[in-house]
Amino acid sequence: MSLIKSISGIRGTIGGKAGEGLTPIDVVKFTAAYGAWVLEKTGNAKVVIGRDARLSGDMVSRLVSATLQGLGIHVIDLGLSTTPTVEFAVPLEKAGGGIILTASHNPIQWNALKLLNSKGEFISDAEGKDILDKAEQEDFTFAEVKKLGAYTAIDDYMDRHIQHVLDLELVDVEAIKARNFKIVVDAVNSTGGIVVPKLLRALGVEVIEEMYCTPDGHFPHNPEPLPENLRDISQKLEKGNFDLGIVIDPDVDRLAFINEDGSAFGEEYTLVAVADYVLSKTPGNTVSNLSSTRALRDVTEKRGGTYTAAAVGEVNVVNQMKAVEAVIGGEGNGGIIYPTSHYGRDALVGIGLFLTHLANFGKTISRLRASYPNYYISKNKIELTPEINVDKILDAIQEKYKKHPINTIDGVKIEFEKEWVHLRKSNTEPIIRIYSESESEATAEHLAKKIMQDIKEVVSASLI
């Protein structure tokens, strides 16, 4: 059993003993701390909740609702929903915050509470720490019987979200309709199976092949939208009867595409392509995290804008986007953040923008992918023993490569001419994650191995 308490929420496997898994006791305790924080911070006794289709979702949702009501908070329950839909709903409902019940791309046994502020954006590090402290100290007081919170269910917010996408100026429904796209959708049997086909029909897509679009929570494969998990949809596209495939994760904030020949467009390139389109219409700046592809920087500079890297984590990307007034940004995991819509990763907005871009491009999706700089990212990790000081290792690597441009806002990122390597330590394990990128897969792998050897030498020297 696993339970991970972090500044962004609480995540764990269902079952086990309290404090060791995501048990009802842990759900209630953490929800109560969050609800107390909302009341204290905003004075607004209203919270929006929504969930993905996980098997544990209904149980967790009822626990969360009852706990919030017990604090005197009015619960607005969107039921089966998506992460961006809940984000979208919070300010429209004039709520003090929101809770999304989803473990995102984690396997079926996991669930989580993802926490939003009154803007419908993820809470900050400091706010998350306050909530963790409240939970630890059980610093919350429940309401008297005559002051219990109300409960309202609203079931049309995904439809409102779709209409919002259709109303975006840069989403051209007529252009999409004119292309007569034939699209396959893999929604991993979660809420994307409800909303994505409905969005595509609203965009004028007539031929939609639905794969795993029954929102029953029985994931047919690992729900993270990586090529190795998407063999079924790739095989269907290989037959040549469709223009592209669309893949989303269980809570619909990550978006990946499959080319017409069954090859992966590359989740790193979801943001690159959407940014290229947005920048062609509204020139400006972009932001992604330090571990995302350099291709976004290339596309941004080609369009006359400035690219900035942020620390890993959606809240960090959002803060940096606001700081530089970015017109588009996100993360290389297929997360699109379009401020004209809202400051949150949104696969529905991403689909509307991407299909408009592809429609205007007028050629195949594989030809669109070939029009962008080609980079390869290698993802590795090196496991260390608990007594090793990871920070000192990172300091030593930084010193070794001090003649190169280095970014230390989140671990150590070293820039080379056409390559980079990013080292990040885990907050929960004695592990250093190593991401490297180059124009050649072999070079990216070689660079990662070189850094791993450097780390081993540092460790050996420190043990002598």
Side-chain angles (χ1 to χ4, degrees), residues 83-84 87 104-105 165 168 170-171 224-227 244-249 251-259 264-303 305-322 324-358 361 365 368-377 379 410 413 420 422 435 437:
T83 285
E87 294 172 345
S104 191
H105 63 273
V165 174
L168 290 171
L170 294 191
V171 173
E224 188 166 12
L226 300 175
L244 70 150
I246 293 176
V247 182
I248 57 270
D249 66 340
D251 65 325
V252 199
D253 62 356
R254 289 175 62 174
L255 173 64
F257 296 100
I258 308 295
N259 295 332
F265 189 83
E267 64 169 358
E268 287 283 339
Y269 282 82
T270 300
L271 176 57
V272 174
V274 171
D276 184 39
Y277 170 60
V278 170
L279 292 169
S280 73
K281 302 295 183 182
T282 51
N285 301 325
T286 66
V287 173
S288 66
N289 67 43
L290 285 169
S291 293
S292 298
T293 180
R294 181 191 174 98
L296 179 61
R297 174 179 169 179
D298 293 351
V299 167
T300 304
E301 291 175 350
K302 186 177 180 181
R303 295 287 186 183
T306 299
Y307 165 80
T308 308
V312 173
E314 182 172 330
V315 67
N316 298 317
V317 174
V318 166
N319 289 339
Q320 188 61 39
M321 287 179 69
K322 291 178 179 179
V324 301
E325 299 181 340
V327 296
I328 186 74
E331 297 183 294
N333 59 12
I336 302 294
I337 302 174
Y338 185 44
T340 299
S341 171
H342 65 112
Y343 278 106
R345 293 180 300 171
D346 191 330
L348 304 183
V349 169
I351 289 169
L353 294 171
F354 184 90
L355 290 182
T356 301
H357 184 33
L358 183 59
F361 181 69
I365 184 174
L368 178 64
R369 173 63 180 83
S371 70
Y372 295 118
N374 206 29
Y375 293 101
Y376 298 87
I377 291 182
K379 299 181 179 181
D410 183 8
K413 183 173 183 178
W420 55 259
H422 184 202
Y435 304 88
E437 183 180 57

Original post:
Are the side chains of S291 and H422 in touch, meaning some heavy atoms are under 4.5 Å apart?
Top reply: yes

Original post:
Do you know which two heavy atoms are closest between I337 and M321, and how far apart they sit?
Top reply: O-CE, 3.5 Å

Original post:
Is there side-chain contact between V349 and L168, with heavy atoms separated by less than 4.5 Å?
Top reply: yes

Subject >> Non-hydrogen side-chain atoms of R345 and N333 separated by less than 4.5 Å >> reply: yes

Original post:
Between Y375 and D298, what is the shortest heavy-atom contact and its length?
Top reply: OH-OD2, 2.5 Å

**OP:** Determine whether D346 and D253 make a side-chain contact, defined as any pair of heavy atoms from C-beta on separated by less than 4.5 Å.
**Re:** no

Subject >> Full working for side-chain contact (heavy atoms from CB on, under 4.5 Å) between Y435 and V312 >> reply: CA-CA 12 Å; Y435 304 88; V312 173; over 6 Å; no

Original post:
Looking only at heavy atoms, what is the nearest atom pair of A310 and N316, with distance?
Top reply: CB-O, 3.7 Å

Original post:
What is the minimum heavy-atom distance between G352 and V165, and which atoms define it?
Top reply: CA-CG1, 4.2 Å

Subject >> CG-CD distance between N319 and E314, expressed to the nearest 0.5 angstrom >> reply: 10.5 Å

**OP:** Look at the side chain of T282 and the backbone N and O of L279, then say whether any donor-acceptor pair between them is shorter than 3.5 Å.
**Re:** no

Original post:
Side chains of Y338 and V327: closer than 4.5 Å at any heavy-atom pair?
Top reply: no

**OP:** Any chance you could measure L348, atom CG, to I336, atom CD1, to the nearest 0.5 Å?
**Re:** 12.0 Å

Original post:
Between the main-chain N or O of A275 and the side-chain N or O of H357, is there a donor-acceptor pair closer than 3.5 Å?
Top reply: no

Original post:
Do N285 and Y307 have side-chain N/O donor and acceptor atoms under 3.5 Å apart?
Top reply: no

Subject >> Heavy-atom donor-acceptor pair, D249 side chain to R254 backbone, under 3.5 Å >> reply: yes

Subject >> Nearest atoms (heavy-atom pairs only) where A326 meets V287 >> reply: CB-CG2, 4.1 Å

Original post:
Below 4.5 Å, heavy atoms only, C-beta onward: do Y269 and V272 meet side chain to side chain?
Top reply: yes

Subject >> Shortest non-hydrogen separation from V317 to S288 and the atoms involved >> reply: CG2-C, 4.4 Å

Original post:
Do any N or O atoms from the side chain of Y277 and from the backbone of L170 form a donor-acceptor pair under 3.5 angstrom?
Top reply: yes

Original post:
Would you say the side chain of L244 lies within less than 4.5 Å of the side chain of L355, judging by non-hydrogen atoms?
Top reply: yes

Subject >> More than 12 heavy atoms from other groups under 6.0 Å of OH on Y372 >> reply: yes

Original post:
Taking atom types as modelled, is there a side-chain donor on D251 or T83 under 3.5 Å from an acceptor on the other?
Top reply: yes

Original post:
How are the rings of F257 and F265 set to each other: parallel, tilted or perpendicular (split at 30° and 60°)?
Top reply: perpendicular

Original post:
How far apart are the C-alpha atoms of T306 and V324, what are their side-chain angles, what is the distance that settles it, and do they pass the side-chain contact (heavy atoms from CB on, under 4.5 Å) test?
Top reply: CA-CA 9 Å; T306 299; V324 301; over 6 Å; no

Original post:
How many angstroms lie between CZ in R294 and CD in E437, if you round to the nearest 0.5 Å?
Top reply: 8.5 Å

Original post:
Is there a donor-acceptor pair closer than 3.5 Å between any side-chain N or O of K413 and the backbone N or O of L290?
Top reply: yes

Original post:
Got a second to check how far T270's OG1 is from L255's CG, nearest 0.5 Å?
Top reply: 5.0 Å

Subject >> Distance, nearest 0.5 Å, that separates CG of D276 from CG of L271 >> reply: 11.0 Å

Original post:
What distance do T340 atom OG1 and I328 atom CD1 have between them, rounded to the nearest 0.5 Å?
Top reply: 8.0 Å

Subject >> Side chains of E331 and S292, donor plus acceptor under 3.5 Å >> reply: no

Original post:
Is there a donor-acceptor pair under 3.5 Å between the side chain of E268 and the backbone N or O of T293?
Top reply: yes

**OP:** Might you confirm whether atom NZ of K322 has over 12 heavy atoms from other residues, nucleotides or ligands at distances under 6.0 Å?
**Re:** yes

